[in-house]
Protein chains: 2
Amino acid sequence: MEHTRERPVTMADVARAAGVSRTTVSFVLNGRSGVNIPGTTRERILHAAEGLGYRRNAAAQALASQRSGLFGLVTEIVTSPFAADVIKGAQWRSWEDNRFLLIAPSENEQMMEAAAIEKLLEQRIEGLIIAASWHQAVEVPENAHQVPCVLVHCFDESGRLPSVVPDEESGGRAAAQELLAYGHREIGHITLPPGIPAQVGRLRGFGAELSAAGVALPDHRIVAGDGTAESGYHGAAELLDGPNPPTAIFCGNDRMAMGAYDAIKERGLRIPHEISVVGFDDQQALADSLRPGLTTVALPFEEMGAAGVRKLTAMTTGSRDTSSHLALDCPLHRRSSVGFALR
Amino acid sequence: MEHTRERPVTMADVARAAGVSRTTVSFVLNGRSGVNIPGTTRERILHAAEGLGYRRNAAAQALASQRSGLFGLVTEIVTSPFAADVIKGAQWRSWEDNRFLLIAPSENEQMMEAAAIEKLLEQRIEGLIIAASWHQAVEVPENAHQVPCVLVHCFDESGRLPSVVPDEESGGRAAAQELLAYGHREIGHITLPPGIPAQVGRLRGFGAELSAAGVALPDHRIVAGDGTAESGYHGAAELLDGPNPPTAIFCGNDRMAMGAYDAIKERGLRIPHEISVVGFDDQQALADSLRPGLTTVALPFEEMGAAGVRKLTAMTTGSRDTSSHLALDCPLHRRSSVGFALR
DNA sequence: CTGTTAGCGCATTCAT
DNA sequence: ATGAATGCGCTAACAG
């Protein structure tokens, strides 16, 4: 281990070697526009920098220019299985934009989140992304407002902060289209807790698409769930035990689909031969353990992360792109739980 | 959007408000040890900082102290499905250590990797982790040596750099234990390309465990694969079509297990009732699409990421922990492809 | 134990 | 077009 600790070469060194001033070096190395520097001088400087092994010092540059080139992302990285995808999208986009992304865990405790943001602010981030683990209205910590901020997979009540969310309706429509394509016309739905964006959007999109195809979704075919496997089990039981049971069930999320599977199997029905199931969320670990594999609607996490950064970039470069609210499509992820309708 | 751009509060401001010098403020705010400052003075300073809304400027601190508090991680984030887990582990550990982790994509092109590291070095990272997407010997770019560096999921030929790798043998043993527990004694193995660490270790551990249980693994039960599904198909075919076919097959990786599934189903055999299969890698997307779910050995990515950071921390704090090579256990991930032996 | 002084490496305004 | 001067906010000797 011999990281030879020679004094690092600075711009001054380069300037001296090239026989020009530090200013000139700075201009050349940063490709400053609006300045015309003789080609030979340019060459000489570049060559000297190369030869000396000059490397820019980001901290010094940040301090002097008051721009860190950093974005921050706060998310529940350790507890949320989705966070990784948001990070991936945001990270990739940041890198492409020639910026680094600083990640800080929030883990849902309001205090921790503010503290995490505080640390990011110490790093003088130029923009902040706050990502939630489920589509909801959030209370943004006060200190988040000290820098351009965009919300991902959430939004603030007041609507002042720009946000990137999944288009839940598009997901509902995708689910409906799939079931319709397989000939289903007797369809049931188990909802999420009433009022939350996911519940409202998924149901609305689903209902609209069915309706457009002339298929009814009567009230008795819509049973209320609460997002748990338990409620999925009971919801499915209710749908199946009633008169004229549906040939397909669209579950508001994968966890409920899991419960529905149990109720279905308990009744000796086979998926997808006798009944089809579509979930929502595309939770790997879950769809992984279900037999047969669950066809489900995915949330566009990676895209949301990338879109968040893109919006931030637009904001920090002053482009008045305050088309604040972006909703991204939720694509269907086919596995094996949808089959042709028997009736 | 009114991020009021007042002049940020500096230490000088705090010092003035508290009626002390900047040095004293610096000492107090950084909890500098070995200095005894009157409790009242401390209070006064802390209070002033709080009141003025002082926030440390990381760039300035980094510049002056020559320590950035940053670690770098180079990995194939966009193309490798495993990278996210390494990042998660490393990110979490870094945060706990009060450091930020800077991520840079390598995507396997040697040139890009050096360039990525170069950017990290501009940020004056204090340590670097290079993570590979498969267990291999790597050629470390020259510039990586300018800072403490640890390799994750790979190692350098010369053995000079510390590394954290999976204990492939432990994985082989885990696979053997599972099959033995289910009563199998006629077992086949499809190997990875000969010579690579994963091939050597997995086979060795597997063979050793069987041998310890008095079960033979004759040469004709070991067929050479190359890691592709195609080779898994052919390998399984060879094992099944020979005289005295095995009741279980341990595949060197999940992709080959996938191919093996095809050969098995083609011959009318049912998994796990008539034949058991164990894979290696625990590739979500793959195990996800296989029916029945594949029981497979997982690589400890998250742990490796965390261990990498821990090692880096030890190195940068001077602790002479040059117990350079760390190998972490590979645990079995049970799904549904292992059943009781018929014979 | 506290304050004074001098950089850290770079950007930038203002002369030349 | 280039160079000199100044400051970004903080740390770290060294004095007092």
Side-chain angles (χ1 to χ4, degrees), chain A residues 5-46 48-49 52-70 119 121-126, chain B residues 5-46 48-49 52-70 119 121-126:
Chain A
R5 271 276 167 259
E6 333 153 12
R7 187 180 62 76
V9 354
T10 76
M11 270 196 179
D13 299 323
V14 176
R16 202 171 308 121
V20 298
S21 82
R22 280 154 38 195
T23 309
T24 311
V25 175
S26 177
F27 281 2
V28 170
L29 259 37
N30 291 331
R32 174 114 166 194
S33 64
V35 209
N36 230 348
I37 292 173
T40 65
T41 309
R42 271 185 60 83
E43 280 308 319
R44 201 146 31 87
I45 291 175
L46 256 23
L52 295 178
Y54 169 77
R55 179 150 44 218
R56 154 186 7 203
N57 182 321
Q61 182 166 353
L63 182 58
S65 69
Q66 308 277 44
R67 285 182 292 99
S68 64
L70 263 30
K119 287 204 173 194
L121 290 174
E122 286 183 354
Q123 300 290 327
R124 295 300 187 269
I125 53 170
E126 294 176 38
Chain B
R5 270 276 167 258
E6 331 152 14
R7 186 180 62 76
V9 179
T10 76
M11 270 195 180
D13 298 324
V14 176
R16 201 171 311 123
V20 298
S21 81
R22 280 153 39 195
T23 309
T24 311
V25 175
S26 177
F27 282 1
V28 170
L29 260 37
N30 292 330
R32 175 110 165 198
S33 63
V35 209
N36 228 350
I37 291 175
T40 65
T41 309
R42 269 186 61 83
E43 282 308 320
R44 202 145 30 89
I45 292 175
L46 256 22
L52 293 178
Y54 170 76
R55 178 149 46 215
R56 153 189 342 175
N57 183 320
Q61 181 167 354
L63 181 58
S65 70
Q66 308 277 43
R67 284 183 292 100
S68 64
L70 264 29
K119 286 204 174 193
L121 290 173
E122 287 183 353
Q123 301 291 327
R124 295 301 187 268
I125 53 170
E126 295 176 39

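Bear in mind that the values here come from a model prediction, so they are computed numbers and not experimental data. Chain naming here is simple, since letters A, B, ... match the order of the sequence lines and numbering starts at 1 in each.
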### Summary
Between CG of B/L52 and C1' of D/dG9 the distance, given in whole Å, is 15 Å
### Task
Would you kindly give the CE-to-C1' distance between B/M11 and D/dA12, to the nearest whole Å?
12 Å
### Task
Find out whether B/L29 and B/Y54 are in side-chain contact, i.e. whether some heavy atom of one side chain is under 4.5 Å from a heavy atom of the other.
yes
### Heavy-atom closest contact (A/V9 atom, A/G53 atom, distance)
CG1-O, 4.0 Å
### Query
Do you know the tightest heavy-atom contact between A/L63 and B/A59?
N-CB, 4.2 Å
### Query
In whole angstroms, how far is the C1' atom of D/dA12 from the CG atom of B/N30?
12 Å
### Task
Just compare C/dA11, C/dT2, C/dG9 and give me whichever is closest to any side-chain atom of A/S26.
C/dA11
### Query
Can you tell me how far P of D/dT2 sits from CZ of A/R44, to the nearest Å?
9 Å
### Summary
When rounded to whole Å, the CZ to P distance for the pair B/F27 and C/dG3 reads 11 Å
#### Entry: Given C/dC10, C/dT2, C/dT12, the nucleotide with the shortest approach to the side chain of B/S21
C/dT2
### Task
Looking only at side-chain atoms of A/R22, point me to the closest of D/dA5, D/dC10, D/dG3.
D/dA5
### Summary
B/R16 CZ to D/dC10 C1', in whole Å, measures 15 Å
#### Entry: Exercise: identify the closest heavy-atom pair between B/P8 and B/D13
O-OD2, 3.9 Å
## Note on the structure
Side-chain contact check for B/T10: nearest option of D/dG9, C/dT12, C/dC10 is D/dG9
### Message
Please determine whether a side-chain nitrogen or oxygen atom of A/N57 lies at a distance below 4.0 Å from atom OP1 or OP2 of C/dC8.
### Response
no
### Task
Identify, residue by residue, the members of residues 61-68 of chain A with a heavy atom below 4.0 Å from DNA chain D, and return them in order of residue number, or none.
A/L63, A/A64, A/Q66
### Query
Would you say a side-chain N or O of B/T23 is under 4.0 Å from OP1 or OP2 of C/dG3?
no
### Summary
Tightest non-hydrogen contact, residues B/I125 and B/S68, listed as CA-OG, 3.9 Å
### Message
Looking at every non-hydrogen atom in both residues, tell me the closest pair between A/R55 and B/E122 and how far apart they are.
### Response
CG-CG, 3.7 Å
### Message
Using whole Å, what does the distance between atom P of nucleotide D/dA1 and atom CD1 of A/I45 come to?
### Response
14 Å
### Message
Ignoring hydrogens, what is the shortest heavy-atom contact between A/A15 and A/R22? Give both atom names and the distance.
### Response
CB-N, 3.8 Å
